[in-house]
Engineer: 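Structure in structure tokens, see below.
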Amino acid sequence: MKFNKLYFGADYYPEHWPEERFSEDAKLMKAAGFNVVRMAEFAWSKMEPREGQYEFDWLDRAINVLNEQDIQIVLGTPTASPPAWLMAKDPEMFMVKEDGTRLGYGNRREYCPNHSMYRVYTEKIVTKMVERYKDHPAVIGWQIDNEFGARCYCDTCRAKFQEWLQARFKNLDELNEKWGTVFWGHTFSDWLEIPIPLRLGSNPLDTSPNPGLALDYFRFMSDTYVNFQKVQIDIIRRNCPRHFITHNLMGFKYPYLNYFDLAEDLDFVSWDNYCRTQWTMEADVAPSIAALNHDAMRGLKRANFWVMEQQSGPGGWEMVSASTKPGEIRLWAYQAIARGANAIIFFRWRTCRFGTEEYWHGVLDHHGIPGRRYKEVSKMGAEINQIGEKINGSLVKSTVAILQSYDTRFAFQIQNVNPQFKYETHFHDIYKVFYEENILVDVISEKDDFSGYKLVVVPTMYVLTKETVENLEKFVQAGGYVVFTGLTGVKDLNNTVVNQKLPGLASNLSGVEVEEYVSIPLYDENEIQFLYQDLEESYPVQSWAEILEAKGSVSIATYTKDFFADRTAATINTFGKGRVVYLGTIGTYEYYKGVILWLAKLVNLHTAFKVPKGVEVTERWQGEKKIVFFLNFTDQNQLIELNGEFIDIINGCRVGEEISIAGRDLLILTLLNLEET
Ligand code: GAL
């Protein structure tokens, strides 16, 4: 979707403040350079205080006051936080947790997304909002609900799951066979007998559920939210053809919904970016984590995205997180733009004086008087007004893709395989190598077209399909490079182990077979020694080691310890015009760094600028024109050497060959000659 400007604003909760304050807020927002706010996503009980009694006048007034300052509105549908009168109608409307306990009233996201009465009331409130605001000149789009998530385990969901399965399998015989229910004699003779998966630890025998059943349940719950979202999207699309529709997702870190599916029905993806919250009290916040989240959110639709909630102060519910240091709010927000954000919306405008999030700080403190954070945000607002047009519509281009798979993530939630292994950490260890080298990557789906890339990295594709392998084969045939890591190809779509040597379906492409795998216990570790071309380092290997047999490929590394010392640990294979590296292990960041830097030379991956550690460089392309972002995440001045003549697009001045960036500051440059044309 194309936007006609860069959006900049805040999440605003007029329902928390007296109406006399609205115009003061709107003026302060205007002065800070805001052109958009999101609102109403938790205001159901204010819009419908009693069943059927709709009150929108207060919202009209808030919108109109903002509109007078040329601030546009994204409305949230309020279904994440239902009114008490609705939830009192039927206790079964409350979600049941994995351990079997039912939620009660008093938080949010407590509803069962399959409950038919909840859907009826959802349709009613969304229809009312749409009727009211479809022609309002200030309203530009909608956010559906708020941060979908959490699996429900209630009887309604169980019944819906049984229906979902009937559409997935031809008959019960097929289901029994595909899940392997003959194990422990769990064969089903009626769809109604199918349970919801038990959680490990929630039953006296402490066993985990049938993996096939559990994976299908996780897929079903993900489909449930896609479907619940679609109910709302359909109403809005029918009535508001001029408005966009989005949802605020939670980044790469959220593993419980298939975000590729959820994104499909949206005009664009939005996500909520919290870098330092009450739960991350570390002294330093790794910017690579936010970068991965941005890249993964951009990868969902391979398109620019919005940050619907961008941290603007210390987070906190029960505790207050470390303060955002001067410069950080602006730096984090520019990092989002540098990676494809088309809107920065700060959460929240003003810190609320009451409720669970009393300590979640916004642009303004509780008292509402502008302070340090308001100044920082305003500085950025002035800049965005200056440079927005130059950046708007520009795109991030990458030559490397990393594939992420929700089937694989769901399957690891059922059987983690080794206590030291965590998919998300493994993924980040690989991602971070590219991040530190300032090589841009796209984090995309296994179903995407890989043809524009030089290198595709496939971190442990545990659930592997024929289609994915064919897609990768096509890419390698044509000259692409692929890297697999261990634990690949172990499972089929039914989450049963494949009936062949590992890496299963990836065996032919990688020219390798796993003779035996070794799950390395906590008290032990092995080592991998590379001996190939100029790759000669050794690295520790924890958690997983596959003893490989090269079948047409060449061994590039061996283990150094234990009964499999000297056996092959990694290979390289030629396939068509391309090559495939298979790393039969789970290693550390340094390990991936060694291998990837070696590959980067082979594949000729470019890093545009050599910069000091702690400085992030990214590019967005406006047609042929490159816009380069230098973000200094350190506290000190950093010197950058430039290879060309550049213009600083914030102040319009030409910069020298060497330029210094202050701690927690940034530079946005374009090439001088292109700027002039
Ligand atoms: C987000 C949520 C917001 C607010 C924020 C801070 O996850 O969407 O409504 O709760 O966190 O806690």
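Only this structure's heavy atoms are used, side chains among them; waters, hydrogens and symmetry mates stay out. When a ligand or atom number is given, it counts from 1 through the structure's own listing order.
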Engineer: Should Arg108 and Glu357 count as an ion pair when the cut-off is N to O under 4.0 Å?
Structural biologist: yes
Engineer: Taking only heavy atoms of Asp272 into account, list the atoms of ligand 1 that are under 4.0 Å away from them.
Structural biologist: 8 (O)
Engineer: In terms of atom number and element, which parts of ligand 1 are under 4.0 angstrom from non-hydrogen atoms of Trp317?
Structural biologist: 12 (O)
Engineer: Heavy-atom contacts with Glu147 under 4.0 Å: which atoms of ligand 1 show up? List them by number with element.
Structural biologist: 1 (C), 2 (C), 7 (O), 8 (O)
Engineer: Using heavy atoms and a threshold below 4.0 Å, how should the contact between Arg108 and ligand 1 be classified: side chain, backbone, both, or neither?
Structural biologist: side chain
Engineer: Before signing off on this row, confirm whether Asn146 and ligand 1 have an N or O atom pair separated by under 3.5 Å.
Structural biologist: yes
Engineer: Which atoms of ligand 1 sit under 4.0 Å from any heavy atom of Phe42?
Structural biologist: 9 (O)
Engineer: Closest by any non-hydrogen atom to atom 10 (O) of ligand 1: pick that one out of Glu357, Arg348, Met308.
Structural biologist: Glu357
Engineer: May I ask you to check if Arg348 and Phe42 form a cation-pi contact, with NZ or CZ under 6.0 angstrom from the six-membered ring centre and within 45° of the axis?
Structural biologist: no
Engineer: Does the pair Arg238/Asp234 count as a salt bridge with the N-to-O cut at 4.0 Å?
Structural biologist: no
Engineer: Within 45 degrees of the ring normal and closer than 6.0 Å to the centroid, is that where the cationic atom of Lys124 sits relative to Tyr121?
Structural biologist: yes
Engineer: Could you check whether Arg409 makes a cation-pi contact with Phe252, meaning its NZ or CZ is under 6.0 Å from the centre of the six-membered ring and within 45° of the ring axis?
Structural biologist: yes
Engineer: Tell me whether Lys230 is salt-bridged to Asp223, with the criterion being a basic N under 4.0 Å from an acidic carboxylate O.
Structural biologist: no
Engineer: State, yes or no, whether a side-chain contact exists between Ile289 and Leu292 at a heavy-atom distance under 4.5 Å.
Structural biologist: no
Engineer: Do any heavy atoms of Glu41 fall under 4.0 Å from ligand 1?
Structural biologist: no
Engineer: Which of the numbered atoms in ligand 1 are below 4.0 angstrom from a heavy atom of Phe347?
Structural biologist: 3 (C), 4 (C), 5 (C), 6 (C), 9 (O)
